[in-house]
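Note that the structure is a prediction, hence the values are computed from the model and not measured.
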Amino acid sequence: MKDLVLQLEQNHFLTDEEFKLLLEDESDEVLSFLNERAAYVSKRTYGNKVYIRGLIEFTNYCRNDCYYCGIRRSNCNTERYRLTDEQILDCCETGYKLGFRTFVLQGGEDGFFSDEKIVGIIKKIKEIYPDCAVTLSIGERTHDSYKAFFAAGADRYLLRHETADSEHYRRLHPGNLSLENRMQCLYDLKKIGYQVGCGFMVGSPYQTTESIIEDLKFAKELKPHMVGIGPFIPHSSTPFKDYKQGGLKLTLRLLSIIRLMLPNVLLPATTALGTIDSEGREKGILAGANVVMPNLSPKNVRKKYLLYDNKICTGDEAAECILCMKRRMQSMGYEVVVSRGDYKEINGE
């Protein structure tokens with residue numbers, strides 16, 4: 001099995017059968033070797049640097065009704081909120097002083113935030129913090145919307161595709177949403193010029209090894225600048241409330257596989273990973289990840305933006321969180337850096 005790991009490191013891809021063998025191998029020895037090679041590749045490209053992104057969850061309204069999501073339209077148990085422009089800028093001010101040079105504006109697909117409003121927010125952030133990157137994670141919009149946000153100064157866009165298996169996609173989403181449109185959005189974003197991030201849940205209901213392989217093949221074809229994966233965690237107010245959460249080992253295995261497949265990708269160790277394991281984010285970094293995204297949202301709204309149950313860091317002050325994060329990364333030989341943390345092109349890729 002170690003030969004497959006080395007083959008993936010060298011060729012950056014495997015056949016479906018080889019991926020299946022690697023994904024379904026449950027030995028700690030192979031996982032350890034996979035993590036070790038992925039960490040080596042990550043350090044070869046980015047050194048021992050861990051990049052921080054300041055996450056600002058600015059609205060938990062959403063027009064969609066995805067079956068796995070805690071802020072789905074049909075969830076009447078969620079207290080809805082929207083941050084004002086001033087509140088968003090206050091988050092940026094706090095973050096900038098703490099060393100954040102990327103702000104991630106994340107929210108549900110909320111029609112209140114029109115293109116004009118989003119453009120205005122981007123321009124204000126860029127005017128005050130021209131040395132910072134702005135990342136958007138606000139779902140499916142039109143091609144013209146994406147162009148307008150990019151022209152206003154947005155640098156990156158995160159849009160998890162959730163699954164590249166069309167049948168699996170239908171079992172996770174209502175009929176008005178389509179995998180084809182979501183994928184088209186990602187290709188549009190990349191063509192416009194964004195640094196683009198895709199991603200998927202690990203261990204989501206009805207997921208198979210074959211559907212994960214489709215995810216890997218799609219990521220290889222798209223060649224994203226970022227890939228965000230994390231374990232599925234059920235939310236008590238969704239149709240999937242009784243489903244088992246995704247596993248730590250498979251998530252770590254996939255982080256390492258993605259690092260070896262896309263050596264220069266920006267790869268977060270997600271909050272969801274830290275939620276299912278107290279050292280999950282640290283283990284993610286040791287498996288090849290190189291990005292963490294502490295929460296800059298106001299404390300009074302953090303418990304309202306729950307995509308899944310038991311989410312961590314819903315109460316910490318941003319300053320406390322980042323100091324803790326720095327200490328934990330330093331203890332492993334990594335350095336949290338003050339930087340935009342842009343994608344690095346290597347060999348023309």
Is it possible for you to say whether [X] and [Y] belong to one hydrophobic cluster, with membership spreading through side-chain heavy-atom contacts below 4.5 Å?
X: Phe218; Y: Leu172; result: no
X: Leu260; Y: Met1; result: yes
X: Leu177; Y: Tyr206; result: no
X: Leu255; Y: Leu222; result: yes
X: Phe103; Y: Leu159; result: yes

Pairwise distance [atom1]([X]) to [atom2]([Y]) - rounded to 0.5 angstrom:
X: Asn310; Y: Ser236; atom1: CG; atom2: OG; answer: 8.5 Å
X: Ser178; Y: Tyr169; atom1: OG; atom2: OH; answer: 6.5 Å
X: Ile276; Y: Leu248; atom1: CD1; atom2: CG; answer: 5.0 Å
X: Asp155; Y: Asp342; atom1: CG; atom2: CG; answer: 7.0 Å
X: Glu18; Y: Asn11; atom1: CD; atom2: CG; answer: 9.0 Å
X: Glu109; Y: Ile138; atom1: CD; atom2: CD1; answer: 8.5 Å

Q | Geometric cation-pi criterion Lys43 and Tyr334, 6.0 Å radius, 45° cone | A | yes
Q. Does atom CD of Gln184 have more than 12 heavy-atom neighbours from other groups under 6.0 Å away?
A. yes
Q. Does Tyr40 OH have over 12 foreign heavy atoms under 6.0 Å away?
A. no
(Q) Give me each pair satisfying ring pair (Phe, Tyr, Trp, His ring centres under 6.0 Å) with a member in residues 272-303, each pair once, sequence neighbours excluded. (A) none
To check you understand the geometry: which heavy-atom pair defines the closest contact between [X] and [Y], and what is its length?
X: His225; Y: Val265; answer: O-CG2, 3.5 Å
X: Thr271; Y: Lys311; answer: CG2-CG, 4.1 Å
X: Pro224; Y: Cys198; answer: CG-SG, 3.8 Å
X: Ile122; Y: Ala154; answer: CG2-N, 3.6 Å
X: Glu57; Y: Leu55; answer: OE2-CD2, 3.5 Å

Q | Sequence neighbours excluded - side chain to side chain donor-acceptor pair (under 3.5 Å) pairs with any residue from residues 139-154 | A | Asp115-Arg141, Asp115-Ser145, Glu140-Asn181, Glu140-Arg182, Thr142-Ser145
Q.
If you apply the rule salt bridge (Lys or Arg N to Asp or Glu O under 4.0 Å), what do you find for Glu167 with Arg170, and how did you get there?
A. CA-CA 5 Å; Glu167 177 58 32; Arg170 282 194 292 273; 2.6 Å; yes
Q: Before giving the answer on side-chain contact (heavy atoms from CB on, under 4.5 Å), spell out for Tyr129 and Phe100 the whole-Å C-alpha distance, their side-chain angles and the decisive distance to 0.1 Å.
A: CA-CA 11 Å; Tyr129 307 105; Phe100 291 87; over 6 Å; no
Do [X] side-chain atoms and [Y] backbone N/O form a donor-acceptor pair below 3.5 Å?
X: Arg73; Y: Cys62; value: no
X: Thr251; Y: Gly247; value: yes
X: Asn35; Y: Leu286; value: no
X: Asn60; Y: Tyr305; value: no
X: Thr78; Y: Arg80; value: no

Q: In sequence, state the C-alpha distance, the side-chain angles, and the governing distance for Thr238 and Tyr308, and then conclude on side-chain contact (heavy atoms from CB on, under 4.5 Å).
A: CA-CA 9 Å; Thr238 69; Tyr308 49 83; over 6 Å; no
Q.
Show, in sequence, the C-alpha distance, side-chain angles and deciding distance for Phe240 and His235, and conclude whether the ring pair (Phe, Tyr, Trp, His ring centres under 6.0 Å) test is met.
A. CA-CA 7 Å; Phe240 292 154; His235 189 287; over 10 Å; no
**Q.** Tyr157/Leu186 under side-chain contact (heavy atoms from CB on, under 4.5 Å): CA gap, chis, key distance, verdict
**A.** CA-CA 9 Å; Tyr157 204 105; Leu186 283 162; over 6 Å; no
Can you list the residues that meet the salt bridge (charged side-chain N to carboxylate O under 4.0 Å, His left out) rule with [X], with sequence neighbours excluded?
X: Lys20; result: Glu24, Glu210
X: Asp277; result: Lys283
X: Glu116; result: none

Q. Taking 4.0 angstrom as the limit, do Glu29 and Lys2 come out as a salt bridge?
A. yes
Q: Could you tell me whether Lys217 and Glu221 have a side-chain N and a carboxylate O separated by less than 4.0 Å?
A: no
Q | Member of Leu296, Thr135, Val291 meeting the side chain to side chain contact (heavy atoms under 4.5 Å, CB included) criterion with Arg53 | A | Val291
Q: Using the side chain to side chain contact (heavy atoms under 4.5 Å, CB included) rule, pick out the option among Leu34, Leu22, Ile212 that qualifies with Leu254.
A: Ile212
Q. Would Asp131 and Arg101 count as a salt bridge (Lys or Arg N to Asp or Glu O under 4.0 Å) if you check the C-alpha gap in whole Å, the side-chain angles of each, and the deciding distance to 0.1 Å?
A. CA-CA 7 Å; Asp131 57 330; Arg101 294 299 179 266; 3.6 Å; yes
Q) Are the ring centres of Phe113 and Phe58 closer than 6.0 Å? A) yes
Answer with yes or no whether the side chains of [Y] and [X] bring together a donor and an acceptor at under 3.5 Å.
X: Asp65; Y: Ser74; result: yes
X: Arg156; Y: Thr102; result: yes
X: Ser237; Y: Asn77; result: yes

Q: Enumerate the residue pairs fulfilling salt bridge (charged side-chain N to carboxylate O under 4.0 Å, His left out) with a member in residues 244-263, sequence neighbours excluded, ordered by first and then second residue.
A: Asp28-Lys249
Q) Step by step, would you call Glu127 with Lys123 a salt bridge (Lys or Arg N to Asp or Glu O under 4.0 Å)? A) CA-CA 6 Å; Glu127 181 181 346; Lys123 285 183 174 179; over 6 Å; no
Q | Asp165 and Ser211: CA distance, side-chain angles, deciding distance, side-chain hydrogen bond (donor to acceptor under 3.5 Å, both in side chains) verdict | A | CA-CA 5 Å; Asp165 178 331; Ser211 60; 4.6 Å; no
Q: Before giving the answer on side-chain hydrogen bond (donor to acceptor under 3.5 Å, both in side chains), spell out for Gln7 and Asp3 the whole-Å C-alpha distance, their side-chain angles and the decisive distance to 0.1 Å.
A: CA-CA 6 Å; Gln7 183 180 329; Asp3 289 345; over 6 Å; no
**Q.** side-chain contact (heavy atoms from CB on, under 4.5 Å) assessment of Asp215 paired with Ile229
**A.** CA-CA 11 Å; Asp215 289 316; Ile229 69 166; over 6 Å; no
